[in-house]
Student: 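First the structure, which I've put down as C-alpha cells, then a few questions once you've had a look.
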Amino acid sequence: MHDIKAIRENPDAFDAALARRGDTPVSAQVLALDEARRAKISAAETAQAEQNKASKLVGAAKAKGDEAEFERLRTLVSDKKAEVTAMQAEAKDLDAQLTDMLARIPNLPADDAPDGADEADNVEVNRWGDVPAFDFKAKEHFEIASVAASMDFETAAKTSGARFVMLKGAVARIHRALAQFMIDIHVDENGLTEHMTPVLVRDEAMYGTDKLPKFGDDSYQTTNGWWLIPTSEVTLTYSVAGDVLEEAALPRRMTAHTLCFRSEAGSAGRDTSGMLRQHQFEKVEMVSVTHPDQSDDEQKRMLRCAEDMLERLGVPYRTVILCTGDMGFGARRTFDIEAWLPGQNAYREISSVSTTGDFQARRMNARFKPADGGKPQFVHTLNGSGLAVGRCLIAVLENGQQADGSVKLPDVLAPYLGGKTTLGVDGTLS
C-alpha cells in the first residue's frame, strides 16, 4: 500500500518509479479520486456544522414562540441531517475506491534495482560451486533409476489430478530430512524462531501481505472463505498486523516449514514433467520484521542464510538481482538464488529473498514505537525461501546422480538419514 501523502507531494516521481516497472502513470487518477474524496468529506463537515448551528437555534425559536422560525429551522436540521448522511456515504464509497486503487498498484522499486523488462535483464551478482561434469548423459530427477519408482505421479494424478506427486520410501525420507536440516540450521545457527502456522487464513491476512485483491486467481479459496496459503510468508508476516512493537524487539526473525498451495494460474505448459512446478509443495520460509534503517542489511543477511544452505548441501548455484520488470508485485528489491539442475542443463530458481519496505506494513498497520518516544512508525517486512524443499530435493538428486542410477547424498543429511549417504539403484538407503 502506498502513502497517499507521498503521491500528493511528488506525483511525477511516483509515476517515474512505476515506469521503471513497465507500468503506466496512475498518479493523476489517484489524485483525482483523492481530491473528490477530500472535497466530499469537507462538504459533509460543512453541512454538519450548519446542522449543529441550526439545532442550537431550534430551541431558542420555540422558546420565543416563533412558530414559523421554529418550523423553518426544524426542516433545515432535517434536510442537513439527510445531506450529511448522503455525503458521508459518498465519501466512504470514494475512500473505498481510493483504497482499492492504491492496493492494486505495485510497490516502487529500490533505486539500486536494475532496470529491465523481464528475466533476461536480471543481473548475476554471485556464483558458487562447479557444475558437475558427468561422463554420462545427466537425467532429470524423475528419470533417475533410484528415484523413479518412489516419485509417483500416476497415483497422485489418480487421487488429485495433474501437478501433484506422491513421494514414497527413501525419497520421501530424503525430502523430510531436507526440511528438518533447513529448520535446524535456521533455528540453531541463524537465530530464527520456529513457528508452526495455520495453512488456512482469512481475507485480511492475504490482503495484508499483498496477495489480494489483485492475485486471488493464483491461490485456492475454500467454500467457506478461507484461503490456502501460497507460502507461510502470509501467516508469519501477518502475525504482527495491527501491532505497535517496541523498537528493542526488532528485528523479529521467524521461520516455518509448511505446506504451500498455488494454482499456477498462467503457467499452462510450463514444467509439466516432474515435480518442479506443483499445486502443493513444502517450503521453509524466512520472514523478518525490522526497523527501516536495518532492512537493507537484513535482506543481505537473509540472502546469505539461503545461499549457505545450498553450499552445505554442495549444490552449485548462482544469485541474481531481479530487474524492475521481473520483480514481484510487493517487492522493492529481490534476489533470486538459482540452483544448478544437470537434467535441464540450467539454473532454476530455488529461493527468492525480497524486501517490501513498508508496503505490507501499511496494508496491515504494523508499526513500532521508537525508543526515543517519537511517533510510531511503520516497520519494514522481508521474506525469503530458506529453501523450497521440493526444488531442493530435485537439486540434490540431480547433482548427486551416478552413472549406475544411484544417488550420492550430501553428508550433512546423514544425521537425518540414520547415517546413510547413498540412495541405491533399488531405491533403498545405504
Side-chain angles (χ1 to χ4, degrees), residues 1-12 14-15 24-105 201-216 221 223-227 238 240-244 358-367 369 374-378:
M1 183 70 75
H2 295 284
D3 181 0
I4 186 63
K5 292 180 181 178
I7 301 176
R8 289 186 202 130
E9 290 170 0
N10 203 335
D12 291 341
F14 186 80
D15 285 340
T24 55
V26 296
S27 66
Q29 299 162 264
V30 170
L31 294 178
L33 191 55
D34 177 52
E35 179 61 31
R37 176 186 67 93
R38 290 198 290 163
K40 193 62 65 175
I41 291 172
S42 178
E45 290 173 346
T46 298
Q48 179 78 67
E50 293 171 351
Q51 177 192 337
N52 293 340
K53 181 179 180 181
S55 295
K56 293 178 181 178
L57 296 174
V58 168
K62 184 71 173 176
K64 291 179 180 179
D66 189 341
E67 197 63 28
E69 180 66 3
F70 170 75
E71 290 297 334
R72 185 188 74 79
L73 288 171
R74 192 169 68 166
T75 300
L76 177 62
V77 169
S78 178
D79 290 346
K80 286 297 178 182
K81 183 177 181 180
E83 187 180 346
V84 168
T85 299
M87 286 192 290
Q88 287 176 336
E90 291 174 24
K92 184 177 180 180
D93 179 65
L94 289 168
D95 186 69
Q97 291 181 46
L98 178 62
T99 298
D100 184 69
M101 182 180 290
L102 289 172
R104 295 174 185 274
I105 301 171
V201 297
R202 300 182 301 175
D203 287 355
E204 294 91 337
M206 292 286 281
Y207 178 88
T209 52
D210 65 62
K211 308 300 179 281
L212 290 179
K214 195 168 184 179
F215 299 102
Q221 189 175 27
T223 55
N224 60 351
W226 280 321
W227 293 88
Y238 198 73
V240 298
D243 292 348
V244 180
D358 63 6
F359 188 75
Q360 292 178 330
R362 287 181 179 278
R363 296 170 80 101
M364 59 184 186
N365 194 29
R367 297 171 294 164
K369 186 188 303 180
K375 182 180 178 182
Q377 301 175 31
F378 288 108

Student: Testing the basics here: between Thr209 and Gln360, what is the closest heavy-atom pair and its distance to 0.1 Å?
Tutor: O-NE2, 3.4 Å
Student: With sequence neighbours excluded, what pairs up with Tyr238 under the ring-ring contact (aromatic ring centres under 6.0 Å, His included) test?
Tutor: none
Student: With sequence neighbours left out, what residues match Phe378 under ring-ring contact (aromatic ring centres under 6.0 Å, His included)?
Tutor: none
Student: Could you grab the distance from atom CD of Gln221 to atom CG of Leu212, nearest 0.5 Å is fine?
Tutor: 8.0 Å
Student: Looking at every heavy atom in both Leu76 and Ala54, which two are closest together, and how far apart are they?
Tutor: CD2-CB, 3.8 Å
Student: Kindly write out the residues that satisfy side chain to side chain donor-acceptor pair (under 3.5 Å) with Glu83, not counting sequence neighbours, or none if the list is empty.
Tutor: Lys80
Student: Working to the nearest 0.5 Å, report the span between NZ of Lys211 and CG of Asp203.
Tutor: 14.0 Å
Student: To the closest 0.5 Å, what do you measure between CD (Gln88) and CD1 (Ile41)?
Tutor: 9.5 Å
Student: Listed by chain and number, what are the side chain to side chain donor-acceptor pair (under 3.5 Å) partners of Asn365, not counting sequence neighbours?
Tutor: Arg367
Student: Assess the residue pair Phe215 and Asp210 against the criterion (side chain to side chain contact (heavy atoms under 4.5 Å, CB included)); give the C-alpha distance rounded to whole Å, side-chain angles, the decisive distance to 0.1 Å, and a yes or no.
Tutor: CA-CA 8 Å; Phe215 299 102; Asp210 65 62; 5.9 Å; no
Student: Could you report the tightest heavy-atom contact between Ser27 and Asp15, atom names first, then the distance?
Tutor: OG-OD2, 2.6 Å
Student: Per the salt bridge (Lys or Arg N to Asp or Glu O under 4.0 Å) rule, what does the pair list look like for residues 89-102, sequence neighbours excluded?
Tutor: Arg37-Asp95, Lys40-Glu90, Asp100-Arg104
Student: Where is the tightest heavy-atom contact between Arg363 and Tyr207, given as atom of each residue plus distance?
Tutor: NE-O, 2.8 Å
Student: Please round to the nearest 0.5 Å and tell me the distance separating atom CG of Leu33 and atom CD of Gln29.
Tutor: 9.5 Å
Student: Rounded to the nearest 0.5 Å, what separation is found between the CE atom of Met1 and the CZ atom of Phe359?
Tutor: 7.5 Å
Student: Flag the pair Val240 / Met364 as yes when at least one side-chain heavy-atom distance between them is below 4.5 Å, and no otherwise.
Tutor: yes
Student: Would you list the atom pairs, donor with acceptor, under 3.5 Å between side chains in residues 3-11 and any protein atom, with sequence neighbours excluded?
Tutor:
| unit_1 | atom_1 | unit_2 | atom_2 | d |
| --- | --- | --- | --- | --- |
| Asp3 | OD1 | Lys5 | N | 3.0 |
| Arg8 | NE | Asp34 | OD2 | 2.6 |
| Arg8 | NH2 | Asp34 | OD1 | 3.2 |
| Arg8 | NH2 | Asp34 | OD2 | 3.3 |
| Asn10 | OD1 | Ala13 | N | 3.2 |

Student: Tell me, with the steps shown, if Ile105 and Phe14 meet side chain to side chain contact (heavy atoms under 4.5 Å, CB included).
Tutor: CA-CA 11 Å; Ile105 301 171; Phe14 186 80; 3.9 Å; yes
